[in-house]
Amino acid sequence: MQDFVANLRWRGMVCSATPGIEAQLEKERTTGYVGFDPTAPSLHIGNLAAIMLLKHFQLAGHKPVVILGGATGMVGDPSWKTAERRLLCEEELHYNQTCISKQLQQFLDFSDRKHGAVLLNNMDWFRDMGFLKFLREAGKHISVNYMMAKDSVKRRLETGLSFTEFAYQLLQGYDFYYLYTHHNVKLQMGGADQWGNLTTGTEIIRRKTGNAAFALTTPLITKADGSKFGKTEQGNVWLDPVMTSPYAFYQFWLNCSDEEACKLVMVFTLLDQATIGTLIQTHNAAPHQRTLQKAIAKELTIRVHSEQAYRQAAQAAEILFGNATQGDILTLDEQDLLTIFANVPKITISQEQWRDLTDITDLVSSVTQGIIFKSKGEARRIIQGGGLSINKIRITDPHQKPDFFLLQEKYLLIQQGKKQYYLVVVQ
RNA sequence: GGGGAGGUGCCAGAGUGGUUAAAUGGGGCGGACUGUAAAUCCGCUGCUUCGCGGCUACGCAGGUUCGAAUCCUGUCCUCCCCA
């Protein structure tokens with residue numbers, strides 16, 4: 001049994017833990033769990049740290065349990081949230097659960113080995129419980145004073161908190177108790193924001209059985225500027241390739257700052273301490289190479305998506321941001337071209353429109369329906385400022401005749417600024 | 001119900017009859033530098049025009065005037081104070 005806690009510690013993945021946890025893990029193969037409320041049809045990278053906890057737990061020889069909180073998801077966790085949340089209906093939750101459980105297979109071994117992971121839904125024991133039974137089984141053992149004293153709830157007492165959300169920690173606490181008694185689960189893990197909920201669970205177990213159960217939290221990952229980790233301007237970074245493309249996913253990791261990358265490489269990759277040490281050294285010697293970011297992006301893109309998705313994302317990045325020249329894009333066949341520019345807006349124009357063009361400005365404004373530039377004036381300004389390239393060649397004259405050759409005889413690669421690409425398809 | 005303040009461009013905010021497409025700051029966008037970063041510097045930031053110009057725009061609707069964001073009338077909305 002490898003030392004799970006020590007492994008987490010050097011990775012900086014332990015925020016707090018109840019006493020005695022090391023002794024318990026050393027004593028026997030232990031079953032531990034993490035709960036996810038299926039509030040969306042996909043996990044996002046904010047959930048990933050908790051998944052990594054389970055991953056390390058399993059790799060250390062212990063048995064992970066995942067709770068997809070069909071019941072808790074119906075209530076809504078108020079921890080650290082500023083406002084009451086929207087209630088989700090059961091069908092929505094069920095659909096989300098199905099999607100999420102598939103994603104979990106990519107991380108954990110759900111085989112029937114001794115330490116194979118198990119997936120449970122707390123709806124199974126809450127559905128038929130009844131309110132009175134719950135009050136007697138769970139509510140009787142925990143005082144309101146205890147529940148209100150949690151930091152995670154305190155701030156909401158000022159602005160308002162429904163009884164429903166207030167009761168959330170009891171649900172989660174009871175989950176732990178149920179798992180303890182029915183599945184021999186002795187440890188619950190989660191993000192640092194979950195500490196209040198986890199200790200409610202250990203408290204219920206202690207009061208009802210007199211035995212100790214354990215809790216461990218991992219620090220919430222914060223960005224240097226204080227904004228929330230895992231969000232881009234476009235919103236959450238999801239694991240689902242439809243909601244966040246593998247390319248965008250790869251880019252997210254690649255664009256992490258150096259300080260973040262040092263932390264992220266320990267939390268999100270499975271590389272060992274020595275390898276990470278070397279990586280950080282290499283990185284610091286030549287930070288512009290972004291060794292760390294690339295290592296993280298590679299490992300995660302492969303694990304969450306696939307080897308192929310990683311290669312495509314890396315190639316796309318090279319073409320889009322490297323010093324690709326016209327020669328480089330000419331070497332791409334149509335398949336490559338479409339893959340690399342899969343996430344780029346495509347604008348179709350007709351053969352007639354293409355033939356009748358007299359002016360580059362018209363092409364990037366009116367003919368393309370204002371998608372690239374919403375007015376001719378804007379197009380002209382950007383071109384005069386040197387901000388437009390076609391097929392990787394910078395355009396300098398707004399009135400240039402658009403006598404470009406078409407890539408693969410039908411595509412035109414239009415680039416605004418450094419990052420914004422459009423693909424015009426002539427059909 | 002009474003009294004007061006105010007509604008200006010993506011946002012904040014100046015302007016109180018012509019020189020105002022509207023100061024200034026922020027944001028956004030382009031360029032340079034760079035690591036697809038940060039900081040910095042430069043440029044652009046209503047539509048149209050190669051430009052002159054034309055058009056649209058200061059809550060909304062009218063009016064006064066050669067000329068209105070600016071004055072008048074009505075109207076809608078917001079904020080503050082009192083009841």
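Not measured: the values here are computed from a predicted model. So that the names make sense, note that chain A is the first sequence line, chain B the second, and so on, each numbered from 1. FYI, side chains are in, hydrogens and waters are out, and symmetry mates aren't considered; it's all heavy atoms of this structure.
Residues A:Gln326 and A:Ile393 share a closest heavy-atom pair of NE2-CG1, 3.3 Å. Annotation for A:Leu187 and A:Phe176: closest pair C-CZ, 3.7 Å, computed over non-hydrogen atoms. A pairwise comparison of heavy atoms in A:Ala261 and A:Leu292 identifies CB-CB, 3.9 Å as the closest pair.
Rounded to a whole Å, the CZ atom of A:Phe252 is 16 Å from the P atom of B:A37. Taking atom CG of residue A:Asp359 and atom P of nucleotide B:U48, one finds them 13 Å apart after rounding to whole Å. Taking atom NZ of A:Lys418 as the reference point, atom C1' of B:G35 lies 12 Å away to the nearest angstrom. Rounded to an integer number of Å, the gap from CD of A:Gln420 to P of B:U36 is 17 Å. Atoms CD1 (A:Ile360) and C1' (B:C50) sit 16 Å apart, rounded to a whole Å. Atom CG in A:Asp397 sits roughly 12 Å away from atom P in B:G51 (whole-Å rounding). When the P atom of B:G35 is taken as reference, atom CD1 of A:Ile296 falls 19 Å away, rounded to whole Å. As rounded to whole Å, 6 Å separates atom P of B:G35 from atom NE2 of A:His288.
Rounded to whole Å, the separation between the C1' atoms of B:U19 and B:C76 comes to 35 Å. With P as the reference atom, B:U36 and B:G31 are 14 Å apart, rounded to whole Å. Comparing B:C44 with B:C52, their P atoms sit 15 Å apart, to the nearest whole Å. Rounded to whole Å, the separation between the C1' atoms of B:A21 and B:C58 comes to 11 Å. Nucleotides B:G7 and B:U45 place their C1' atoms 24 Å apart, quoted to the nearest Å. Across B:U64 and B:A69, the matching P atoms stand 16 Å from one another, rounded to whole Å. Using atom C1' as the reference point in both B:U78 and B:U8, the two lie 15 Å apart (nearest Å). Look at the P atom in both B:G6 and B:C72: the space between them is 13 Å, to the nearest Å.
The A:Ala317 side chain lies nearest to B:U36 when the options are B:U36, B:G30, B:A32. Distance from the side chain of A:Leu254 is smallest to B:U36 among B:U36, B:G35, B:U49.
Nucleic acid contact class of A:Gln416 (heavy atoms, under 4.0 Å, all strands): sugar-phosphate only. Within 4.0 Å (heavy atoms only), A:Lys419 reaches sugar-phosphate atoms of the nucleic acid but no base atom. Using a 4.0 Å heavy-atom distance criterion, A:Gln251 is classed as a base contact. If you check every strand for non-hydrogen atoms under 4.0 Å, A:Leu320 touches nothing.
Residue A:His94 qualifies as open at atom NE2: its count of foreign heavy atoms under 6.0 Å is 12 or below. Heavy atoms of other residues, nucleotides or ligands lying less than 6.0 angstrom from NZ of A:Lys63 number more than 12.
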* Reading RNA chain B 5' to 3', what string of ( ), [ ], | and . shows its pairs, if Watson-Crick and G-U wobble pairs count only when both distances fall under 3.5 Å? -> ((((((((.[[[..)..(.....]]]((((((.......))))))(((....)))...[[[[[..)....]]]]]))))))).
* Asked: How does protein contact run along nucleotides 39-46 of chain B, one letter per nucleotide 5' to 3', with B for base contact, S for sugar-phosphate only, - for none, heavy atoms under 4.0 Å?
  -> -----SS-
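Ring planes of A:Phe249 and A:Trp253: perpendicular class, angle over 60° (limits at 30 and 60°).
Note: A:Arg11 CZ to A:Ile276 CD1 = 5.0 Å, rounded to the nearest 0.5 Å. For the atom pair NZ of A:Lys150 and OG1 of A:Thr200, the computed distance is 3.0 Å after rounding to the nearest 0.5 Å. Here the CD-CG distance, from A:Gln420 to A:Leu320, works out to 10.0 Å after rounding to the nearest 0.5 Å. Note that CE of A:Met52 is 10.0 Å distant from CG of A:Leu8, once rounded to the nearest 0.5 Å.
Put simply, the side chain of A:Asp359 never gets that close to the backbone of A:Lys401: no donor and acceptor are under 3.5 Å apart.
Where A:Gly377 and A:Tyr247 each meet RNA chain B at their nearest nucleotide, the meeting point lying more 5' is that of A:Tyr247. Judged by closest nucleotide on RNA chain B, A:Asn255 is the one of A:Asn255 and A:His399 placed further toward the 5' end.
For A:Lys376 and B:C50, the shortest distance from a side-chain N or O to OP1 or OP2 is not below 4.0 Å.
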